[in-house]
Amino acid sequence: MRSFHRTHTTTAARHALGDGEGPTDPVTLAGRLMVKRWSGGVTFAELQDGTGRLQLMARRDELADAYEAFLDLDPGDLLGVTGPVIRSRRGEVTVDVNKFQLLSKALRPLPEKWHGLKDVEQRYRRRHVDLIANPDVRDVFVARTRIISGLRRFMDSQGFLEVETPVLQEVPGGGLARPFKTHHNALDLDLYLRIALELHLKRLIVGGLEKVYEVGRVFRNEGLSPRHNPEFTMLESYEAYADYDDVMRFLEELLPATIESAGKEPDLEYQGERLDFAPPYRRARMADLIREATGIDVLTEPDLAAAAAKAGVDVQANLPWGFIVMEIYEKKVETGLRQPTFVMDYPLDVSPLARKREDDPRFVERFELVAAGRELCNAFTELTDPVDQRERFLAQEATFKAFGGETHPMDEDYLVALEQGMPPTGGLGIGVDRLVMLLTDQASIRDVLFFPQMRLAH
RNA sequence: GCCGGUGUAGCUCAGCCUGGCAGAGCAGCGGCCUUUUAAGCCGAGGGUCCAGGGUUCGAAUCCCUGCGCCGGCACCA
């Protein structure tokens with residue numbers, strides 16, 4: 001079949017009948033045959049299209065010789081049908097088929113009609129079957145699309161300009177993660193897939209695009225888990241002449257708007273837990289949260305490593321102060337934060353791109369929004385001082401040379417941009433997949449990605 | 001990478017503990033039935049029990065190794 005023109009979707013056909021009994025004028029539908037029942041002189045079947053399902057009725061009386069061909073159809077076949085919409089004796093909205101046409105034959109059977117496809121491995125490896133057989137899965141992905149378009153709509157409405165920046169980078173900056181490496185042949189140049197959007201967007205802020213954002217795929221060459229996929233989607237935005245307090249207020253508008261675009265209420269349920277996203281959200285300094293949870297005062301504690309160990313958080317000897325603070329926070333505080341909370345003022349040591357607090361230079365103006373024990377957003381008042389920035393990169397290098405792990409590499413192009421003069425800026429990053437998980441009540445990132453990363457099938 | 005769980009028909013699952021002919025439902029095939037809603041009834045068929053090795057008279061079942069999947073840990077500030 002080159003083409004087949006339908007007059008109605010199954011949902012439109014249902015509306016065409018309305019409360020009446022029919023018959024309506026004939027409608028032409030197309031979709032996948034899902035279920036057949038009865039095989040005498042009348043056969044009922046269900047046709048599934050992009051909008052839903054509708055019952056079909058095929059009668060020997062009506063179809064004559066073609067009836068036998070209808071009986072030969074298999075669940076899974078793609079079918080076009082024409083006929084009036086009626087209400088069956090049992091009250092079901094039904095198309096009384098006058099004509100039908102096989103549009104495409106399914107050579108493989110559908111999964112079990114009642115249980116659907118449950119095997120998670122098959123659901124991920126053969127997502128097309130999952131989508132046919134499990135309507136809930138389709139709903140999740142439709143919600144994902146609505147959430148992302150809702151995010152864009154909100155950003156646009158606030159005057160942000162959506163931009164695109166390079167995926168292939170000579171220096172994979174803006175975060176700490178092992179990058180994927182590739183090579184450009186013509187340039188004979190090693191390149192990396194980006195691990196964050198940050199540095200290029202900030203270069204645009206220098207360039208005078210005062211409110212920019214990007215929704216883009218980033219890549220991290222690290223382990224997989226229910227919350228980690230090697231490629232995932234980030235939204236980052238930057239606003240000139242704003243600080244992290246502005247970003248907090250901004251998020252308190254963005255999140256409710258996004259929740260609405262997902263068709264949810266701010267008071268939502270995630271994995272059996274009620275979470276209330278009606279603003280304002282709690283604001284708490286990391287140091288205060290640590291004191292609440294452990295009794296440790298990181299501001300005054302003379303031997304923080306020892307205090308951490310006493311609280312059950314073992315850290316490497318001589319680890320810089322800020323890293324110890326971060327360890328204690330992650331091990332003792334973060335998972336306990338269930339309701340949305342702005343965790344404010346991160347240690348400077350672990351935040352090389354954020355602006356130093358003037359009242360206490362051990363900390364920076366940075367927050368993460370945490371809910372259900374997980375980071376949803378990361379934001380800061382950006383560091384715009386090129387001299388300070390260079391020192392921070394060097395300090396990172398020194399730390400990671402000593403303690404291992406990934407480091408922020410020195411990005412000279414970025415430093416040159418800062419030297420041009422960057423306005424004070426508030427920046428924000430949102431892990432879009434994790435936000436979608438939250439708003440669709442999914443426990444695994446694999447259930448909000450059409451094609452999650454899998455090992456080679458055996 | 002480490003630890004635990006798991007893998008049986010196209011799909012959903014029993015059987016494994018306690019070794020003894022490979023099972024059910026759905027789907028498919030043949031037959032009956034002109035208003036069904038997971039339709040029903042009758043009949044026949046369908047297996048690399050993830051792979052390889054071992055123990056045993058005999059292995060889906062017990063043991064070892066490998067692989068996939070799931071979860072946890074590590075990595076991921």
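Remember, it's a predicted structure, so these values are computed and weren't measured experimentally. Letters A, B, ... mirror the listed sequences (proteins, then strands); counts begin at 1. Only heavy atoms go into these numbers, but all of them, side chains included; no hydrogens, no water, no symmetry mates.
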Please list each protein N or O that sits under 3.5 Å from an N or O in nucleotides 26-31 of chain B, with the distance.
{"residue": "B:C26", "atom": "O3'", "partner": "A:K113", "partner atom": "NZ", "Å": "3.4"}
{"residue": "B:A27", "atom": "OP1", "partner": "A:K113", "partner atom": "NZ", "Å": "2.9"}

Applying side chain to side chain donor-acceptor pair (under 3.5 Å), name anything that partners [X], two or more places apart in sequence or on another chain.
| X | result |
| --- | --- |
| A:T381 | A:E365 |
| A:T51 | A:T10, A:T11, A:D49 |
| A:Q442 | none |
| A:E301 | none |

List in chain and number order the residues that pass salt bridge (charged side-chain N to carboxylate O under 4.0 Å, His left out) with A:K332, two or more places apart in sequence or in another chain; answer none if no residue qualifies. none
Pairwise salt bridge (charged side-chain N to carboxylate O under 4.0 Å, His left out) hits with a residue in residues 102-114 of chain A, at least two apart: A:D74-A:K105, A:D77-A:K105
Here the salt bridge (charged side-chain N to carboxylate O under 4.0 Å, His left out) pairs for residues 314-323 of chain A, sequence neighbours left out, are none
Checking all strands, does [X] fall into the base, sugar-phosphate, or nothing category for heavy-atom contacts under 4.0 angstrom?
| X | answer |
| --- | --- |
| A:G116 | sugar-phosphate |
| A:Y124 | sugar-phosphate |
| A:R366 | base |

Between residues 374-392 of chain A and RNA chain B, which residues have a heavy-atom gap below 4.0 Å? none
Suppose we screen for side-chain contact (heavy atoms from CB on, under 4.5 Å). Which residues come up paired with A:R125, at least two apart in sequence or across chains? A:E121, A:M454, A:A457
Partner set under side-chain contact (heavy atoms from CB on, under 4.5 Å) for A:P111, not counting sequence neighbours: A:L117, A:V129, A:A133
Restricting both atoms to N or O, compile the protein contacts to nucleotides 4-7 of chain B shorter than 3.5 Å, with distance only.
none

Check the angle between the aromatic planes of A:F342 and A:F367 and answer parallel, tilted or perpendicular using the 30° and 60° thresholds. perpendicular
